[in-house]
Amino acid sequence: MASTLGVLEALLRNPGAIATKLEVKQLLKALLKRPGAITSASEAKQLHAQILKHNPSSPLYTSTAICVYSNFKLLNQSLLLFKTLQSPPSLAYKSIIKCYAVNGRFVESLASFVDMRASGNTPDHSVFPSVLKACAFLLDLRLGEAVHGCIIRLGMDVHLITGNALINMYAKLQSLAESEKVFETMTTRDIISWNTVIAGNAQNGLHEDALAMVREMGGAGLKPDIFTLSAILPIFAQYVDVDKGREIHGYVIRYGFDKDLYVASSLINMYSRCARVEDSIRVFKITRQRDTISWNSVIAGCVQNGMFDEGLRLFRQMLKDNVIPGSVSFSSIMPACAHLTTLNLGKQLHGYIMRCGFDDNVFISSSLVDMYAKCGHIRTAGWIFGGIKGRDMVSWTAMIMGCALHGYAEDAISLFEQMKLEGIRPNHVAITAILTACSHAGMIDEGRRYFDRMTEEYGIRPGLEHYAAMADLYSRKGKLNDAYQLISTMTTPTGTIWSLLLSACRVHKNVDLAEKVASKIFEVDPENIGARVLLSNIYANDGRWKEAAKVRMTMRNMGIRKNPACSWIEVKNKIHTFIADDKSHPLHDEINIALCELQEKMELAGYVADTSEVLHDVDDEQKKYLLYGHSERRAIAFGIMSTPAGTTIRVIKNIRICVDCHTAIKLISKIVGREIVVRDNSRFHHFRDGECSCGEYW
DNA sequence: ACGCTCCCTG
């Protein structure tokens, strides 16, 4: 045997070598027993050549050649030979089934398996794993069960690898009881058997079972490896159990598993889900070998924890390091653009997405809908939404929330109802979106109805965000006592929720309630800057300058400072920021002149400054002057000066727009014939022809 | 031959 193979090697490695027909025949026979003797694709081709030369019509030799080609994953060569066979022998079938499977052609792999059965050939332990893998990939439980039946009849279910493949198939098809049963009946199990059943439990929500099996495997003399760890780390990520996660991290370090990409990505994800972004960045930084997935993990971690700039920085770094972004990279980074309202960057990424052919990805489309809506382009958002094939609840929610933020409550409601008609059950976020829509349009009855029925109809109990939306709904509408009652029914109302009511007290000038609400806030959240600023403004607004000053004093003593009010506008790819009374913009004087001209036209149109919103203890003339300095007006004036007539002006402001500015901008939109879109800290206002989309609720 | 990680909506 050894000598025959030696001759064969000489033949194969030296294309010029000559052999007799008898020699070749013997060699091929030897090869039939040991196809693995062929060690490269070019040797495989030499073998094929010898067969063609000496005995092209032998099904046995052809099958051998197919088998050898298959071992090198050469599907096309295998297929060419396979098609020459009238009735392929077992070896040919087995080889072609495996070859299809390793090339990811699962449908064809299964079709060949069915052909093989139909032709009366008996499959064996060498094909079942591939066939089961194909069933798992194609989510074909019925065929998988049929294959299992076949395996049992042939007595192959004791075969280790076939058993492992069965466990995996049932786990992927969420047939956990079956998967467990196969595991139990196996006579020999290896670490793959354990890992497969552990991963199956972990991914299907049987977290405790998965963890119990990790403990049990020690009793079977097996130690958790990289597969075990990357399967169970997501459990701690989901439970936000950073202590257990850290324990695993320690184990990972002790066994030197921290060099593994999968383990590293799971650790990065675990830490960021537990809001420990610093730790996930640390793990990322010491991971030398990085792939798209580890980059995605750290980028998503930053974005989900509100570190948008860091996320963008890492995204750029990834591109610089020549790591090709995948669809997940884009759906991870897009929310950063949405939150930062960096429309231009969002558009650039959108272009990149289209060039990559990712624009039909539902995750990406949903993030684009959200990004465009949050950047003020609700029509573009709607256009993208309309083009999504296979919309899921997230896509609908993004669109509904977009409409809500822009004050288009009727559209939001009809979308919500349409979603339900399409058989999609809303989750808690979708309900938050519809409540927000009602809130921004002052639709008390509709909002109340959705709120009252959510538990009964959708099986979702009101959470903080739903109470917040309802408190906001009552507050915006001026139903301050209803809001107070509702919040009081909560077991543990947060400072944030009380703050919604507090800002309504400011709008509706209810000082007594404001004091009561403020004390509630300071009880649970003494550091709440926003609430103290609001309270001081409420006092000032009421002319109670002494109390206002006292609140400011307390803030100063506590060492807290409020963020200055500011507005910004993007013109020609550059963001221009305006802070109230700040004169640093290069066109400051020109902007002032433009504002004065506008002011005259506004006064001709009947505008009277509402100085009640100026919270400084100065005379009326000065108050009027202070109003001109409001940052959103300067941003708008600058936008009008620096863009062609008719261009929509888009301004973003970090705090609520004031009543006087709201009136002024309505007039400005009419005077200059422009659509002006202003986003404040809670929603969008579309000013057009003297009207605003908010209908005076904001 | 069979097993593992990442992504969207408030």
Side-chain angles (χ1 to χ4, degrees), chain A residues 70-71 94 97-98 101-102 124-133 136 159-169 171-172 190-200 202-203 224-234 237 260-270 272-273 291-301 303-304 325-335 338-339 358 361-371 373-374 388 392-402 404-405 426-436 463-466 468-469:
Chain A
S70 297
N71 287 342
K94 289 192 289 193
I97 291 166
K98 279 188 281 185
V102 295
D124 65 11
H125 61 83
S126 73
V127 273
F128 286 125
S130 310
V131 173
L132 292 167
K133 186 182 183 171
H159 182 247
L160 177 64
I161 296 171
T162 303
N164 288 346
L166 275 169
I167 299 174
N168 180 52
M169 179 200 70
K172 290 279 170 343
D190 63 1
I191 188 145
I192 295 181
S193 327
W194 285 87
N195 284 342
T196 310
V197 79
I198 289 168
Q203 280 156 22
D225 67 357
I226 50 174
F227 291 97
T228 328
L229 299 172
S230 45
I232 59 164
L233 273 168
D260 180 75
L261 265 178
Y262 288 91
V263 172
S265 296
S266 313
L267 281 170
I268 294 168
N269 185 47
M270 184 275 295
S272 53
R273 297 253 169 202
D291 66 353
T292 310
I293 294 181
S294 39
W295 278 99
N296 290 348
S297 309
V298 72
I299 290 169
V303 175
Q304 285 162 6
S327 60
V328 177
S329 315
F330 291 106
S331 46
S332 304
I333 197 63
M334 196 56 75
H339 285 282
F358 289 147
N361 176 300
V362 69
F363 289 93
I364 291 179
S365 314
S366 303
S367 71
L368 281 171
V369 167
D370 182 52
M371 186 277 292
K374 288 215 174 85
I388 302 179
D392 60 6
M393 202 217 346
V394 176
S395 328
W396 284 94
T397 305
M399 194 63 225
I400 293 168
M401 187 55 96
L405 290 179
N427 75 348
H428 68 108
V429 187
I431 294 173
T432 308
I434 196 68
L435 293 177
T436 306
L464 274 181
E465 68 272 40
H466 306 111

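Note on naming: letters A, B, ... go to the chains in the order of the sequence lines (proteins, then strands), and numbering restarts at 1 for each one.
Atom CG of A/Asn164 sits about 13.0 Å away from atom NZ of A/Lys133, to the nearest 0.5 Å. Atom CE of A/Met270 is separated from atom CD1 of A/Ile268 by 10.5 Å, given to the nearest 0.5 angstrom.
Atom C1' of nucleotide B/dT9 and atom CG of A/Leu405 are separated by 11 Å, given to the nearest angstrom. A straight line from CD of A/Glu465 to C1' of B/dT9 spans 12 Å, rounded to a whole angstrom. Nucleotide B/dC8 holds its P atom 14 Å from the CG atom of A/Asn427, rounded to whole Å. To the nearest angstrom, P of B/dC8 lies 13 Å from CE of A/Met334.
Counting distance only, with no hydrogens placed and no angle test, the side-chain atoms of A/Ser331 and the base atoms of B/dC7 include a donor-acceptor pair under 3.5 Å.
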Base versus backbone protein contacts along nucleotides 1-6 of chain B [heavy-atom cut-off under 4.0 Å; B, S, -]: BBBBBB

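Residues passing the salt bridge (Lys or Arg N to Asp or Glu O under 4.0 Å) test with A/Lys98: none are found, sequence neighbours excluded. Judged as a salt bridge (Lys or Arg N to Asp or Glu O under 4.0 Å), and not counting sequence neighbours, A/Asp190 has no contacts.
For the pair A/Ser331 and A/Pro335, the tightest heavy-atom approach, listed with the atom from each and the gap, is O-CD, 3.3 Å.
Contact check for A/Asn195 versus A/Asp225: side-chain heavy atoms found under the 4.5 Å cut-off.
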